Structures are given as structure tokens and as C-alpha cells.
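Have a look at the structure below, then the notes.
Here the structure is a predicted model, which is why all the values come from computation and not from measurement. Indexing begins at 1, ligand by ligand and atom by atom, following the structure's order. The figures here come from the full heavy-atom set of this structure, side chains too, leaving out hydrogens, waters and symmetry mates.
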Amino acid sequence: MSSDKKIKIGLFGFGVVGQGIYNIISQQPELPIEIVKICVKDSAKQRAAPTELITTNKNELLQNSDIDLIVEVINNSDAALEIVQEAFANGKHVVSASKKMIAENLESLLEHRAQSNVSFLYEASACASIPLLRNLDEFYQHDNLKSLKGIVNGSTNYILTKIFEQNLSFEVALAKAQELGFAETDASLDVEGFDAKHKWIEVLLHAYGIKLKQEQLLNLGIQNIKKQDVAFAAKNNQTIKLIAYAKKINDEEITAFVLPQFVDNNSPLAFVKNEFNAVQIESNFAGEQVLYGRGAGSLPTATAVISDIIAVKNGYTYTYPKSKLANTLSFTNKQEIAVYVGFENLPDIPINEFSKIEKIEDSKEGKFIIGKILVSKLLEQQWWRKPSVSLITLAEPIAVQIKKEYSREKELAEVAPM
Ligand SMILES: NC(=O)c1ccc[n+]([C@@H]2O[C@H](COP(=O)([O-])OP(=O)(O)OC[C@H]3O[C@@H](n4cnc5c(N)ncnc54)[C@H](OP(=O)(O)O)[C@@H]3O)[C@@H](O)[C@H]2O)c1
């Protein structure tokens, strides 16, 4: 693609994200992007775009030799997959925001993309406006990160913020999130931790080169959190967040999960409120860093899509530099994590499944167990998913130190004075 020519795009979807993309491009004619056609589902809807741009016939985009790149921002993951695969087959670059479609089809999408020799970028699909995936690939290319902790779902973070700060019930807070358009069309994707899991599958690929299948990554949402859990957190100067977590547990293995977690009130992630997202990265060399920003919304999401379109125009494609780590680093669920388990009836909890019990409280003061349990056990069992049970990890769920420890103090001690 020559650098003085505009890149010609076909846009699938003209909803929250699609309209944001259209608005940014039409307000900034100097951008090197031209929208050739927009494909939508419903021909009867009024659109804030010229009628000659709109079609419901996907072939006007996918078979159009004038179009270099397909932007896929629709709300149906099966149809999205077909569009993306057809675009690859027709030699067109693709930019997508559809995390569900990508996480569910990761392996085959990467294969097809490689065979077609086109670019496939999807920054907007993981934390919308936060520049995360390209940074994991490029900025942290040399850094086999110690850990990542993310608040990657805006609507659950909004709900938890309202529960803690305004004492709202879960149901009322969810209704408010839906009213404000933060929740996915299917709210269970957000509330039960699936949306966060989809994004985390993408993040783990770019941070560690690990390609996970859905069933390998443990996830629970915030639907079972009760007043007694909120009171427990407040008593300990903590809040509760839905945390997507990944940690190197030794030089060869990494573990990860998406679970509600107690977060100390003075930790950076406790300051992430409402629909905002953040990812706390623990670098081997730079210590802790936090990427923070809007994880949803029309213009924030569209800005990441447009950044990707321009990156493609400039010849960029993901090269997955961390995939070479996969030779030395493997994923495991055979890891103990420290958990709090709230309950209504103690006999509902299979105490023998815990590898260690620290405390059992079954009184007016509270009803909970604190102990350690293997992630693999949780994956195999269902008791902890019951609505009467609330499983929340402690603030530091894994207390392991990797052998090869890099520390600022060590670094300073090793550097000879000039
Ligand atoms: N909203 C956000 O903040 C956000 C953030 C990050 C990622 N995402 C992701 O971005 C994608 C789009 O989200 P959204 O919020 O923009 O959805 P949305 O507001 O519900 O809009 C969806 C659009 O897709 C169109 N569509 C559906 N099926 C289609 C098909 N088969 N062919 C052509 N067009 C079709 C719809 O057409 P009609 O207009 O005719 O109904 C509509 O314009 C989703 O995958 C979502 O997970 C969204």
C-alpha cells in the first residue's frame, strides 16, 4: 500500500462502535482512511450516514476489489467469523473488535490469517481504548512478565463500584449499567465473567505466547457476591473487583484465571472505578506499571480500531513475538490459590477438597471459609458455582516466588559505581 494513498475500508456494523468509527473518520478528513461501504443487518433503520454507503449485501464489501481492509464490528460472533474468514480468503486485511469471536476461534483464525498473508489486528477487542496488545508484543517483547492483573470488563466494574460506594443491590446496579449501555447485549457474558475471559485469552497470547482454549481458563463472575462479602471486604479495608489474573509460578509455568478478588483499598486497581479498565503489569525490569482507560464506549473503542487501521496501512501486522516462549513456558491449572468462600449452609461446602483450611466462621459474625484450593479442582467441580456460594480470591492469591528474581536492589548492588 503506497503511503500517500488512503486505505479503503469496508465497515461491517453501524452500532455503538461502527458509528464511532464513522464519526471520527468523517470529522477528520485528513486521516488516511476512506470508507467505501458500510454493511448492516436491518435495511429499514435510519442511519446517520449517506444512504449510498449503506448496504445489507456483504458481497458489496467482501467481493469489492476496491476495498483493502474489512473492519468487523458486529454483534453476532458466528456471522463475524464468516465475514473475517471470507475477508482472509479474498486477501483483505481485517481489523475486528469482537473478542468472543476471536477467543472462541483463536487457533483457526491465526492459521487462516497466516495462510492468507494479510494483517489481522484486534486491539479494540481487549479493553477498548487501552493500548494493550501491541504494547505486550512490541514494548514488552524482551520481558517475560512476572504477572498481569486486569480489570477488563467495564460493566462488572461499574456494578461493583455502585455496590460498594452507593450500597446498591446487584440487580439495581446491573439495571443501571444496562441503561447506560455498558453491558454487552447478552448481560450474562459480562456478569458471569465470560467477556473478561475472552479478553484474557487474547492477552495471554500476546503476553506469553500461550494459546488457551475456553475450557482451560477458569472463570467466575460477580453474580454470587453477597452483602456479607461486601461487609467482609470493607472490614478489612478492601474492595472486591473482578480480576483477570496471570502469574508466572516458576521459570517454566504460568497460571491464570478470572475470578472476583479482594483488592486492598490502597492498591492501584482499587482506584479503577465505574466503567474504566486497567491492567497492572509486573515487569521483570521496570517493576509495576498500570495501563488505565476507558474499556468500552463508542469513541474510545473506535479510536483503537482507527489506530489499528492506520497500523495496517503502515505495514504492521502482529508477529506474536512471545510465541517463542511457548517452547519454554507452559500453562498449568495445578496451582493452589488462597480463597474466601462465603456460604449459606456449611454442609454445602466440600471441606475435604481444600488443600488447607485457615479459618471457618459459621456464626452471626459471618459465614465463610478461608483456605487454599487447587485451580484444577475448581475447574472439575461445580459446588462453588451455586448461587448460595461466593468464591473470592484473597488479595494475593498465589504466594510463590520465582527462582530467577530480578530486583531493583539486586540491580543496584550489581552495577559498579561510575
Ligand atoms: N460497545 C462497546 O463499547 C464495545 C467495546 C469493545 C468491543 N466491542 C465489540 O464490538 C462489536 C460491536 O459492538 P457494538 O456495541 O457496536 O454493537 P451494536 O451497537 O449492537 O451494533 C451491532 C451492529 O452490527 C450490525 N450487524 C449485526 N449482524 C450483522 C450482520 N450479519 N451483517 C452486518 N451487520 C450486522 C447491526 O446492524 P443493525 O444496525 O442493522 O442492527 C449493528 O449495526 C461486538 O463484538 C462487541 O463485543 C464493543
Legend entry - Among F88, Y316, Y318, ring pair (Phe, Tyr, Trp, His ring centres under 6.0 Å) partner for F120: F88

Legend entry - Carboxylate-amine/guanidinium proximity below 4.0 Å for K273 and E165: yes

Inset, instruction - Please confirm whether G15 comes within less than 3.5 Å of ligand 1 when only nitrogen or oxygen atoms on both sides are compared. - result: yes

Legend entry - Residue portion contacting ligand 1 (non-hydrogen atoms closer than 4.0 Å) for K45: side chain

Inset, instruction - Show which atoms of ligand 1 fall inside a sub-4.0 Å distance from at least one heavy-atom site of G297. - result: 2 (C), 3 (O)

Legend entry - Residue selection (non-hydrogen contact nearest atom 27 (C) of ligand 1) among L61, N76, N75: N75

Inset, instruction - Report, in ascending order of atom number, the atoms of ligand 1 lying under 4.0 Å from any heavy atom of S98. - result: 45 (O)

Legend entry - Donor + acceptor pair across side chains of D190, S155 (<3.5 Å): yes

Inset, instruction - With heavy atoms only and a cut-off of under 4.0 Å, state how A296 meets ligand 1: side chain, backbone, both or neither. - result: both

Legend entry - Per-atom contacts of ligand 1 with V40, taking only distances under 4.0 Å to non-hydrogen atoms: 33 (C), 34 (N), 40 (O)

Inset, instruction - Please work out which of A44, G13, G295 has its closest non-hydrogen atom nearest to atom 25 (C) of ligand 1. - result: G13

Legend entry - Region of K99 that comes within reach of ligand 1 [heavy atoms, distance under 4.0 Å]: side chain

Inset, instruction - Could you tell me whether R385 and E192 have a side-chain N and a carboxylate O separated by less than 4.0 Å? - result: no

Legend entry - Reported CD1-to-CD1 distance for the pair I201 and I210, which is rounded to 0.5 angstrom: 12.0 Å

Inset, instruction - Give a yes/no on ligand 1: does R47 have at least one heavy atom closer than 4.0 angstrom to it? - result: yes

Inset, instruction - Work out whether the distance between some heavy atom of A124 and some atom of ligand 1 is less than 4.0 Å. - result: yes

Legend entry - Any N or O of A79 closer than 3.5 Å to N or O of ligand 1: no

Inset, instruction - Give yes if a backbone or side-chain nitrogen or oxygen of G18 is under 3.5 Å from a nitrogen or oxygen of ligand 1, and no if not. - result: no

Legend entry - Per atom 1 (N) of ligand 1, closest listed option by heavy atom (I54, D42, V16): V16

Legend entry - Check: T56 main-chain N/O paired with S43 side-chain donor or acceptor under 3.5 Å: no

Inset, instruction - Name the option, out of I21, T301, V305, that contains the heavy atom nearest to atom 6 (C) of ligand 1. - result: T301

Inset, instruction - Inspect the contact between D195 and K99 and indicate whether a charged nitrogen and a carboxylate oxygen are less than 4.0 angstrom apart. - result: yes

Legend entry - Test item: side-chain donor near acceptor, E72 and S98, under 3.5 Å: yes

Legend entry - Test item: side-chain donor near acceptor, S307 and R134, under 3.5 Å: yes

Legend entry - Close side-chain approach of V230 and N167, heavy atoms under 4.5 Å: no

Legend entry - Atom indices of ligand 1, in the order listed, that fall short of 4.0 Å to a heavy atom of V17: 1 (N), 2 (C), 4 (C), 10 (O), 13 (O), 14 (P), 16 (O), 48 (C)

